[in-house]
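Reviewing the structure listed below.
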Amino acid sequence: MAAAPLSTPLDVHFFIPPSDSKGTIFFTKPLRTNSTRKFTFSCHSSKPKPKPPPNLPESPSPNNPSLSDQLKPLSTTTLSPAKPDQTHLLSKPKSTWVNPTRPKRSVLSLQRHKRSPYSYNPQVRELKLLARKLNNCDDSQEALSLTLNEVPFEPTRENALLILNSLKFWPKSYFFFNWIKTQNLFPMETIFYNVTMKSLRFGRQFQLIEQLANEMVSNGIELDNITYSTIISCAKRCNMFNKAIEWFERMYKTGLMPDEVTYSAILDVYAKSGKVEEVLSLYERGVASGWKPDAITFSVLGKMFGETGDYDGIRYVLQEMRSLGVQPNVVVYNTLLEAMGKAGKPGLARSLFDEMVESGLTPDEKTLTALIKVYGKARWAKDALELWERMRANSWPMDFILYNTLLNMCADIGLVEEAERLFEDMKQSSDHCKPDSYSYTAMLNIYGSGGNVDKAMYMFEEMSELGVAVNVMGCTCLIQCLGKARRIDDLVTVFGVSVKRGVKPDDRLCGCLLSVVSLCETSEDVGKVVACLQEANPKLVGLVKLIENKKTGFETVKQEFKSVIRDTAVDARRPFCNCLIDICRNRYLYERAHELLYLGNLYGLYPGLHNKTVDEWSLDVRSLSIGAAHTALEEWMGTLAKVVEREEALPELFLAQTGTGTHKFSQGLATSFASHVKKLAAPFAQSEERAGCFVATREDLVSWVQSRIPSAVTA
DNA sequence: ATAGGGTTAG
């Protein structure tokens, strides 16, 4: 891999800014591929970009490499591991073009496609009336032909265009377009195809669009930037990214340069297919061609980085806008706020929102939805409530999704009364904000996590009465709550009704049922819940039976555990293991509990459980259930005893992290842990400086272990 | 939706 590290993938001559250049910031961030991504902040803050010489042809010659050929080296150059001398090259004192002898090739036309001017049509009223009739009539060929014959009109080019533009649904537009074609009164120009394609795009009819495009090619009708951007955006909306790229390349091959609309459409295609490196290359290449990207481009970039919660990427977008002097609009702020949330930066989302309001923009429903969601997830109750207050004081726009997001925020933070008030507002509101399945799910979540079984059950019954669908999450919340209240018969009923009403149990629901199994006090109750679980996940029930049997050997448990966990959704794996451990402990199967904790660790379900530095060893049980945390503590004590016995080096401080349970409804892991520590007479005490931590000094721990060793030996 | 590109809910 001795290739010049800064050779550019797109054959664009690379401008290396001087090291003291103010507009250039360089930072790296490791990607999952263990490579290094480079963000070069283009050096366009102070000096205007040199315009490409006017005598250069705008379009590439037909034998130009296709875009995919041009992009090929990209994956091999930019995804290769970082080389130390890259930074060397960057700090070269003089600005220089890597290859100044070759002319810079532009990738996009800086001129937008020009539209033909609108001219007034005196017959507009009659034509609109006909269009309305067509819109309202049946989709069938017969009905449409009949309507056209009923209201005869002069089928001139202008009249036909006006009608075509006024048709709403694609079957009508497509029919009318074909009708004009068969009339043979005037040549079919590009604009007729473009208008029809736009309508087809609303109906996601990519196949028909492609058919029309091919027809244009074979009839020698020019495809312009409007045609291509429509084709590309339709393919994108149909998730046919390869088709979108194929047409983009065809465009270059026919010698047509994309303008900024087509260019940002293709950027979005690459962004949505997760090709971040390609997007950045195209972006930088466009900027190097003298393009000043607009707000739409930045919202595409912002959305892309938000998708992976890439904070460096978000900073890059903000920095680029600043240095290019592009003022973000509401959409850009919305995507960036959302992205900040995904990147886990609630504070920065808040400042960004403040900046937005200060700049004179009015937040819309999407802005507020994004921010409320961020505050809810971060459990920033104060900010969430303040924002809500501000929304009402300023009468900022509310919609249905925002209402439901507010309810979810209430569930995240534990604001029961506020949620009830909102829910009532929704019930009293006009039709478009009536509580739906999402709203009820949020309420089930709120009542369920708060242990308010009766109100939760009431919600469930109300849903049945009003015909609101129950979804798997609502069902899970209610079952969890009924389980905690030991209302097993109600639980069985709710499970049965939900399944009957179309709920497909998923791994989370199974995890929830499994946790109820661990809570059951009688074998009768266990049987009832296991019967539900048997319906949803028989293999999991098999594993439970296996581990409960003392005679089952470790190897058998290991194989079965592995097989069940492999088939389980990633986010449900640890809960499964936690519950299995709890079940064992409740049946006094301590050895089995330790085996399961070992297996959970083996298969990576408890990353970061043990942490060691020179000064401090810690056990982080925050993601463990009570039974699993006890098991982990016992395991840790056993290990420490061995270390003490062998007189190996020990740190000053020992730490067990239980967390404080920031969630209002969260169970008291700390309390339970404290009593277990007491039972073991271990010298851990709740730390006053570090919330959610139990600490022990080396001296205390060593003397405690030594006092226990004789008993440990005899036991 | 009056020929083309971007943003909201477990």
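Naming convention: chains lettered A, B, ... in sequence-line order (proteins, then strands); numbering from 1 in each chain. Since the model is a prediction, treat every value here as computed from it, not as a measurement.
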### Query
What nucleic acid atoms does A:Thr262 come within less than 4.0 Å of, heavy atoms only: base, sugar-phosphate, or nothing?
base

#### Entry: Polar contact flag, side-chain donor to acceptor under 3.5 angstrom, A:Ser351-A:Asp354
no

### Message
Ring centres under 6.0 Å, that's the criterion: do A:Tyr440 and A:Phe423 meet it?
### Response
yes

### Task
Would you mind reading off the distance between A:Leu164 atom CG and B:dA1 atom P, rounded to a whole angstrom?
17 Å

### Task
Select one nucleotide: of B:dA3, B:dG5, B:dG10, the one nearest the side-chain heavy atoms of A:Ile226.
B:dA3

### Message
Side chain of A:Val261 only, heavy atoms from C-beta on: which candidate in B:dA9, B:dG5, B:dA3 is closest?
### Response
B:dG5

### Ring-base stacking, A:Phe298 with B:dG6 (5.5 Å, 30° cut-offs)
no

### Query
Checking all strands, does A:Thr441 fall into the base, sugar-phosphate, or nothing category for heavy-atom contacts under 4.0 angstrom?
base

#### Entry: Check: B:dG6 base within 3.5 Å donor-acceptor of A:Asp294 side chain
no

### Heavy-atom donor-acceptor pair, A:Asn165 side-chain to B:dT2 base, under 3.5 Å
no

### Query
A:Glu260 near the nucleic acid: base, sugar-phosphate alone, or nothing, with a heavy-atom cut-off under 4.0 Å?
base

#### Entry: Atom P, compared across B:dT7 and B:dA1: separation rounded to whole Å
16 Å

### Query
If you take atom types as modelled and just measure distance, does the side chain of A:Lys168 reach the base of B:dT2 with a donor-acceptor pair under 3.5 Å?
no

#### Entry: Touch class at under 4.0 angstrom, heavy-atom based, for A:Val195 against every strand present
sugar-phosphate

### Query
Between B:dT2, B:dA3, B:dG5, which one does the side chain of A:Arg201 approach most closely?
B:dG5

### Message
Please confirm whether the ring centroid of A:Phe192 lies under 6.0 Å from the ring centroid of A:Phe186.
### Response
yes

### Message
So, OP1 or OP2 of B:dG6: does either fall under 4.0 Å of a side-chain N or O from A:Lys236?
### Response
yes

### Query
Does A:Lys345 make a cation-pi contact with A:Tyr311 (under 6.0 Å, within 45 degrees of the axis)?
yes

### Message
Using a 4.0 Å heavy-atom cut-off, does A:Val332 contact any base of the nucleic acid, only the sugar-phosphate backbone, or nothing at all?
### Response
base

### Task
For B:dG5 versus B:dA9, give the span between their C1' atoms, rounded off to a whole number of Å.
25 Å

### Query
For the pair made of CG in A:Asp412 and C1' in B:dA9, what is the distance, rounded to whole Å?
11 Å

### Query
Base, sugar-phosphate alone, or nothing: which one does A:Asp268 contact when heavy atoms must sit under 4.0 Å apart?
sugar-phosphate

### Query
Any idea which of B:dT7, B:dG6, B:dA3 is nearest the A:Asp224 side chain?
B:dA3

### Message
Under 4.0 Å, heavy atoms only, any strand: does A:Lys272 hit a base, just the sugar-phosphate, or nothing?
### Response
sugar-phosphate

### Message
Under 3.5 Å, is there any donor-acceptor pair linking the side chain of A:Arg237 to the base of B:dG5?
### Response
no

### Query
Can you tell me how far P of B:dA3 sits from OH of A:Tyr174, to the nearest Å?
22 Å

#### Entry: Backbone of A:Asn408 reached by a side-chain donor or acceptor of A:Lys373 within 3.5 Å
no

### Task
Remember a base hit wins even if backbone is also touched, and classify A:Phe169 as base, sugar-phosphate or nothing at under 4.0 Å, heavy atoms.
base

### Query
Is the backbone of A:Ile231 close enough, under 3.5 Å, to the side chain of A:Arg201 for a donor and an acceptor to pair up by distance?
no

### Query
For the pair made of OH in A:Tyr270 and P in B:dG6, what is the distance, rounded to whole Å?
17 Å

### Task
Figure out the CE/P separation between A:Met398 and B:dA9, and round it to whole Å.
16 Å

### Query
Ignoring hydrogens and angles, does a donor from either the side chain of A:Asn471 or the base of B:dG10 sit under 3.5 Å from an acceptor on the other?
yes

### Message
Could you tell me how far apart A:Met321 (CE) and B:dG6 (C1') are, to the nearest whole angstrom?
### Response
12 Å

### Query
Considering only side-chain heavy atoms of A:Arg115, which listed nucleotide, B:dG5, B:dA3, B:dG10, is closest?
B:dA3

### Task
State which of B:dG6, B:dG10, B:dA9 makes the closest approach to the side chain of A:Ile401.
B:dA9

#### Entry: Euclidean distance, atom CG of residue A:Asn194 to atom P of B:dA3 [Å, nearest integer]
10 Å

### Query
Are side-chain N/O atoms of A:Thr568 and A:Asp507 paired as donor and acceptor at under 3.5 Å?
no

### Message
Counting the atoms with a prime plus P, OP1 and OP2 as sugar-phosphate, which does A:Thr297 contact under 4.0 Å by heavy atoms, base, sugar-phosphate, or nothing?
### Response
base

### Message
Quiz question: going by heavy-atom distance under 3.5 Å, is there a donor-acceptor pair between the base of B:dG10 and the side chain of A:Asn445?
### Response
no

### Message
With no hydrogens and no angle check, just 3.5 Å: does a side-chain donor-acceptor pair link A:Ser429 and A:Asp425?
### Response
no

#### Entry: Rounded distance in Å - CG (A:Leu267) to P (B:dT7)
13 Å

### Query
When you compare B:dG10 with B:dG6, how far apart are their C1' atoms, in angstrom units rounded to a whole number?
25 Å

### Task
Consider the side chain of A:His113, meaning its heavy atoms from C-beta on, and name the nucleotide among B:dG6, B:dA3, B:dA9 that approaches it most closely.
B:dA3

